[in-house]
Each structure stands twice: as structure tokens, then as C-alpha cells.
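The structure appears below as C-alpha cells.
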Protein chains: 2
Amino acid sequence: MRVPQTTKPQTTKLKTTSTETANSTPKPGRPRSFCDQAALEAAMRVFWEKGYEGTSLTDLTEAMGINRPSLYAAFGDKEALFLKAIEQYTNGPASYLRQALAEPTAYRVIEALLRGSVKLLGDPHNPRGCLSVQGGLACGAAAEPVKQALVAWRKHGEAEMVKRFRRARAEGDLPAELDPHDLARYIATVLNGLSIQAANGATKAEMTRVVELTLRSLPTQNLSKTV
Amino acid sequence: MRVPQTTKPQTTKLKTTSTETANSTPKPGRPRSFCDQAALEAAMRVFWEKGYEGTSLTDLTEAMGINRPSLYAAFGDKEALFLKAIEQYTNGPASYLRQALAEPTAYRVIEALLRGSVKLLGDPHNPRGCLSVQGGLACGAAAEPVKQALVAWRKHGEAEMVKRFRRARAEGDLPAELDPHDLARYIATVLNGLSIQAANGATKAEMTRVVELTLRSLPTQNLSKTV
DNA sequence: GCTATTTTGTACCGCACAGTAAAGATGTGG
DNA sequence: CCACATCTTTACTGTGCGGTACAAAATAGC
């Protein structure tokens with residue numbers, strides 16, 4: 001836990017965070033009692049789980065095992081720490097993205113993206129969602145019942161779809177091997193994804209093209225498209 | 001703006017919100033100076049735009065044109081008001097969902113869901129996203145730069161995909177009529193949707209089945225699936 | 001008018017938050 | 001051993017939050 005941080009007296013105040021690991025030039029003054037990387041990793045997990053605004057400085061300092069002024073000295077304010085956490089996430093849990101993009105064919109790229117994502121999201125040790133979404137989504141503890149209500153609401157919509165697709169199957173409108181649950185979840189996934197697209201600033205035309213792709217490629221191609 | 005609210009002296013304290021419109025029994029006391037429905041509509045818009053925690057009581061009272069005690073007397077606390085706003089949203093902007101589920105075939109149900117969603121999300125008069133996602137997503141004004149950073153991050157990921165798919169097309173790996181932008185946005189949509197699925201508590205197996213559907217139905221079926 | 005009843009306006013409460021000042025602690029270089 | 005630079009600890013600040021007490025205002029019934 002010692003590993004004295006090096007960064008010899010710098011002129012620039014920022015970027016003092018000392019990403020370097022084993023420089024031989026020790027600097028004067030009391031040495032840091034914590035490991036920057038470990039602290040940043042802990043901060044990332046908290047942000048990942050609770051979102052930016054849902055995370056208080058007390059949450060952070062407790063998880064990181066340091067106190068407030070140390071945090072500010074080492075990482076800057078809360079926002080700067082969050083940005084560093086994003087970086088950490090990109091190089092850590094989300095590193096499968098880079099690997100996926102290096103796959104040899106488009107299909108394998110897509111497959112690696114989707115499967116890697118599920119592996120990350122489905123791991124019970126991880127918070128439920130990608131930091132890029134969860135970071136802005138999860139909010140304070142006071143909003144917990146509201147968050148639950150929203151989850152219930154979204155699930156309710158999905159359940160309505162399931163019911164409708166069950167009827168469709170009974171009416172010979174869906175291939176029997178296609179589970180109504182799976183189809184409903186897939187459609188719900190696209191719908192919720194579109195919400196994020198809108199938040200990203202996607203235009204109506206852009207979203208429409210996503211819809212066209214979704215429709216054209218529906219696994220229900222043997223459905224009649226007319227009444 | 002008068003329309004005296006009726007609700008004759010009730011025994012139950014809750015549900016005093018008086019959804020009824022034109023009952024003939026006026027009640028004693030000073031009449032309400034605002035229209036419940038209009039106020040609720042305004043509250044819904046604010047919640048929709050800023051999310052639950054991002055909305056302060058001051059935001060609400062200003063948008064609704066009433067002051068704090070009136071809000072509490074009419075709608076209960078912030079959480080109760082939000083739940084009523086959800087209801088309002090379901091019967092208003094999101095009413096296309098019910099209509100879509102009433103379409104005659106599964107394909108038309110899905111098409112109506114997707115197109116209705118885009119119509120809602122793409123309308124420049126509306127906040128950018130569905131309330132069911134946005135309600136938990138958007139946070140306080142202090143988090144605005146962070147939200148922007150997250151948007152930029154997600155867009156960056158999409159841009160990386162576009163670059164990769166451009167290369168794939170150049171390598172004869174993607175059909176020429178398939179725009180790399182569109183494919184990337186579609187994949188990003190599914191990925192972000194999966195994040196919401198995870199937040200909903202979907203299991204790894206369930207998400208995997210969504211991925212299988214997505215892969216099996218990819219509009220790139222004429223791609224080689226092997227190296 | 002007068003009283004009962006309800007809403008409105010103002011001003012306030014306690015609390016949690018992000019961020020910081022100042023003094024004590026712990027190391028390095030001379 | 002001593003000055004000096006850095007980190008840690010404690011305690012604090014100001015601000016905005018959700019929620020409320022209380023009195024003035026406005027109506028209905030008598």
C-alpha cells in the first residue's frame with residue numbers, strides 16, 4: 001500500500017493524479033496513504049451503481065477509504081472524479097468494446113458487442129446497467145421508490161405486449177417457435193433504446209431509420225403485413 | 001378557471017384530488033384558483049423533461065402557477081404528484097401504446113409501437129425521451145455537464161461502430177445498400193435498451209435471448225458468419 | 001352580518017449536499 | 001536535528017432541498 005507517488009514538483013496543477021506506477025524519484029512531504037488506482041476503481045463502482053447525482057461525497061469517501069480533502073487533492077472535484085471514472089470504466093469493464101471492434105467481420109463485431117454487453121450486464125457482481133446510461137439514470141436514495149415504480153411501469157408495458165403476442169400466436173399470427181416473452185422483450189429493448197437515442201439528440205429521421213431496420217429484420221417475417 | 005371542485009366533505013383524506021369535472025354540489029370554503037388538470041399536465045411536462053430528482057418543488061410550483069401549500073393540498077407530496085403524472089402521461093402522450101396493442105396483427109402491433117414511439121420521441125415539442133426512462137434519467141441542473149459528457153461518450157461509441165462498419169463495407173463485408181450509420185445506430189439502440197433491461201432486473205438468460213433474436217434477424221444476413 | 005371551512009401567501013424548519021479552511025501528522029533533504 | 005513540503009483530520013460554510021406552521025383571504029350556509 002505504500003508505493004510512493006512520484007510526480008516531481010510540477011508546474012501544472014492539474015493532472016497531479018499520478019498515473020505512473022514506479023518512478024524512482026520520491027517527492028518530499030507526507031506520502032499518500034492510499035493507492036490512486038484502487039481508490040479510483042472504488043469510485044467508479046459507486047458511480048456505476050448509484051449514478052452521478054445519486055452518489056454523495058460521503059458515499060465516495062467511504063467507498064474509497066479516504067476523506068474529503070484527500071479526494072479533492074487527488075482527483076479534483078466530484079465532476080472531475082466522475083470523468084476519470086468514465087476513463088477507468090472504458091479501460092476496465094467496457095474494454096470488450098475495443099476488442100469487439102477488432103473482430104474480423106461485421107457480423108462478428110456485432111455479435112461480440114451484444115454478447116459482451118450481456119456478459120457485463122448479466123454479471124451479478126456488477127450494477128445493473130452500463131455506466132454510460134446508469135451514470136445519468138440512477139439517482140438519490142430518496143428517489144428509490146420512484147425508481148421502483150418506473151421499473152414496474154416498464155415491466156407492465158412489456159407484460160401487455162406479452163399478452164398481445166400470446167393472442168397473436170393463438171390466432172396463428174406468430175410462428176409457434178417464437179416465444180412471446182422474447183419478442184416482447186426485444187421490442188421493449190428497442191423502444192427503450194430509442195429513448196436513449198432521443199436523449200442523445202437523434203433526429204426523427206434517424207430514429208425512423210432504426211425503426212425501418214427493426215421492422216425489415218423482424219424475426220416474424222412470415223407474418224402477413226396486411227390486415 | 002373557476003369550475004368549483006366538488007368532492008363533498010369526504011371521510012377519507014386521500015384521493016381528495018377531485019378528478020371529477022362538473023359535479024353540482026359546491027363545497028364551502030375558498031374555491032380553488034387553479035385547474036387541477038392543467039396543473040397536473042404542467043407538472044407532468046416538467047417531470048418528463050427534468051426527471052423526478054431533477055425537478056425541484058420550485059420548478060413545479062412555477063410551472064403549475066401555484067404555490068407550495070396548494071400543491072401539497074391538491075396532490076400530496078412530490079412522490080404522489082409524480083405517480084399522478086405517470087397516469088397523466090399514460091392517458092396522454094403514451095396513449096398510442098394502447099392503440100398499438102389493439103392493431104389486428106402482431107406485425108402491425110409492433111409497427112405501431114415503434115412508429116408511435118418515434119413520433120412521440122421525435123416531436124421537437126416534447127422532451128427527449130420517454131417519461132418511463134427520462135423520469136429516472138434526467139437529474140439536477142448541477143449534473144448538466146456530466147449528462148452532456150455521457151451523451152458525448154455514447155455518441156463516441158456509435159461513431160466507432162460507424163468507422164468499423166465503413167471498413168466492413170469497403171471489405172465487401174456489408175451490403176452496399178446498408179448505411180453504416182443506420183446499422184451502428186440500430187446496434188447502439190439495442191445495446192442501450194439492454195441497459196434498461198438490466199435495470200429492470202432482466203436475467204442474463206433473458207438478455208441473451210434478446211441478443212439471439214437480434215443476431216438471427218440482423219439485416220446483414222448475407223454476411224459470412226465465419227471468419 | 002357572522003361563523004365555519006377551505007385555499008392562498010409568506011416565511012420558516014431541519015437536513016443533506018458539495019466544497020473548504022486550518023491545524024496536526026508524516027515524510028524528505030539538508 | 002531542523003526547516004519544508006505534502007497529506008490527513010476535524011470541523012465548518014453556504015446553499016438548495018422537501019416539507020410545513022400560521023395567518024390572511026375568500027366563499028357557503030345560516
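From a predicted model like this one, the values you see are computed outputs, not experimental measurements. Here is how names work: the chains are called A, B, and so on, in the same order as the sequence lines, proteins then strands, and each is numbered from 1.
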d([atom1], [X]; [atom2], [N]) in whole Å:
{"X": "B/Phe75", "N": "D/dG18", "atom1": "CZ", "atom2": "P", "answer": "17 Å"}
{"X": "B/Glu62", "N": "D/dG16", "atom1": "CD", "atom2": "P", "answer": "13 Å"}
{"X": "A/Phe34", "N": "C/dT26", "atom1": "CZ", "atom2": "P", "answer": "16 Å"}
{"X": "A/Arg32", "N": "D/dT9", "atom1": "CZ", "atom2": "P", "answer": "13 Å"}
{"X": "B/Ile66", "N": "C/dT10", "atom1": "CD1", "atom2": "P", "answer": "15 Å"}

Heteroatom pairs (N/O) under 3.5 angstrom, protein to nucleotides 18-23 of chain C:
from	atom 1	to	atom 2	distance (Å)
C/dA18	OP1	A/Thr55	O	3.2
C/dA18	OP1	A/Lys78	NZ	2.7
C/dA18	OP2	A/Leu57	N	2.6
C/dA18	N7	A/Arg68	NH1	3.1
C/dG19	OP2	A/Tyr72	OH	2.7
C/dG19	OP2	A/Lys78	N	3.3
C/dG19	O5'	A/Tyr72	OH	3.1
C/dG19	N7	A/Arg68	NH1	3.1
C/dG19	O6	A/Arg68	NH1	3.4

- request: Please identify each residue that fulfils side-chain contact (heavy atoms from CB on, under 4.5 Å) with A/Thr208, with sequence neighbours left out.
  value: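 If we apply the side-chain contact (heavy atoms from CB on, under 4.5 Å) test to A/Thr208, skipping adjacent residues, the hits are A/Lys204, A/Glu212, B/Arg115, B/Val118.
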message: Once side-chain contact (heavy atoms from CB on, under 4.5 Å) is applied, do any residues pair with B/Pro127, and if so which ones, sequence neighbours excluded?
response: B/Arg45, B/Trp48, B/Glu49
[N], OP1 or OP2 - any side-chain N/O from [X] closer than 4.0 Å?
{"X": "A/Asn67", "N": "D/dT8", "answer": "no"}
{"X": "B/Ser33", "N": "C/dT8", "answer": "yes"}
{"X": "B/Arg30", "N": "C/dT8", "answer": "no"}
{"X": "B/Ser70", "N": "C/dT7", "answer": "no"}

Residues, nucleotides or ligands: over 12 heavy atoms within 6.0 Å of A/Glu87 CD: no
task: Report the residues that fulfil ring pair (Phe, Tyr, Trp, His ring centres under 6.0 Å) with A/Phe82, sequence neighbours left out, ordered by chain and then residue number.
output: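 Per chain and number, A/Phe82 pairs via ring pair (Phe, Tyr, Trp, His ring centres under 6.0 Å) with A/Phe47, A/Tyr52.
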field: Pairing residues for A/Arg166 by the salt bridge (charged side-chain N to carboxylate O under 4.0 Å, His left out) criterion, not counting sequence neighbours
entry: none
query: Residues in side-chain hydrogen bond (donor to acceptor under 3.5 Å, both in side chains) with A/Arg154, at least two apart?
result: B/Asn200
